[in-house]
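Since the structure comes first, as structure tokens, the remarks are kept for the end.
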Amino acid sequence: TGSSLGKQAPKKAKKKIEGGSNVFSMFEQTQIQEFKEAFTIMDQNRDGFIDKADLRDTFAALGRLNVKNEELEDMVKEAPGPINFTVFLTMFGEKLKGTDPEETILNAFKIFDPEGKGHIKADYIKEMLMTQADRFSQEEIKQMFAAFPPDVSGNLDYKNLCYVITHGEEKD
């Protein structure tokens with residue numbers, strides 16, 4: 001019975017991965033391309049799998065030279081088996097899937113609203129959007145405020161904004 005068990009295991013594992021192959025439908029084509037590039041960068045020995053040696057080399061390339069073996073083991077252990085691209089994508093999918101987009105966006109806005117009022121001064125958000133990270137143009141700001149006009153006291157109701165971003169237009 002020992003040998004038949006050995007034959008059955010890979011079949012089961014394979015089925016699990018095939019079942020998860022719809023992971024490709026979870027991402028846009030461009031995102032898959034970006035993950036593919038990341039995977040290729042991490043697959044240092046180009047064998048189609050990411051293993052401990054690849055992770056160690058990737059960390060080294062990023063300037064972290066003395067990564068503990070346990071740390072690498074834990075990363076590799078997160079995967080159900082050898083980490084090929086599908087498994088890699090599935091692991092990212094799992095990490096991203098549990099996050100409610102509305103919650104995530106709300107949390108991002110809450111950074112600008114430490115008192116938790118539920119709104120932010122429109123001028124403040126405009127300044128932030130035009131000066132930080134992927135800077136918004138005057139035109140993009142205009143479009144945003146056209147879609148989400150600030151109230152009479154110049155506040156932007158970001159809870160409503162987040163709802164519309166994640167659920168589409170409000171239904172009256």
Could you tell me whether a side-chain N or O of R56 sits under 3.5 Å from a main-chain N or O of L72, the two making a donor and an acceptor?
->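 Not a single qualifying donor-acceptor pair exists.
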
[X]-[Y] co-clustered via ILVMFWY side chain contacts under 4.5 Å:
X	Y	value
F109	F136	yes
I41	L55	no
Y124	F148	yes

Let me confirm one number: the [atom1]-[atom2] distance from [X] to [Y], rounded to the nearest 0.5 Å.
X	Y	atom1	atom2	result
D54	Q44	CG	CD	6.5 Å
M144	L129	CE	CG	5.0 Å
I83	M75	CD1	CE	10.0 Å
N155	I125	CG	CD1	11.5 Å
E71	K52	CD	NZ	12.0 Å
H119	F112	NE2	CZ	16.0 Å

So which atom in [X] and which in [Y] form the shortest heavy-atom distance, rounded to 0.1 Å?
X	Y	value
D47	N45	OD1-OD1, 3.0 Å
S137	M130	C-CE, 4.3 Å
A146	P149	O-CD, 3.9 Å

Can you check whether [X] reaches [Y] side chain to side chain, under 4.5 Å on heavy atoms?
X	Y	answer
F59	L65	no
M128	R135	no
D43	D51	no
Y158	L106	yes
T40	R46	yes
E73	V76	no
P82	V87	no

With sequence neighbours excluded, what pairs up with F85 under the side chain to side chain contact (heavy atoms under 4.5 Å, CB included) test?
->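 F85: side chain to side chain contact (heavy atoms under 4.5 Å, CB included) contacts with F24, I32, F35, K36, F39, F88, L89.
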
Taking everything shown except N66 itself, do over 12 heavy atoms lie less than 6.0 Å from its CG?
->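 No.
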
What's the verdict on side chain to side chain contact (heavy atoms under 4.5 Å, CB included) for D151 and D157, showing C-alpha distance, side-chain angles and the deciding distance?
-> CA-CA 8 Å; D151 64 18; D157 175 356; over 6 Å; no

Determine which pairs satisfy salt bridge (charged side-chain N to carboxylate O under 4.0 Å, His left out) with at least one residue from residues 104-130, sequence neighbours left out, and list them in order.
-> E115-K117

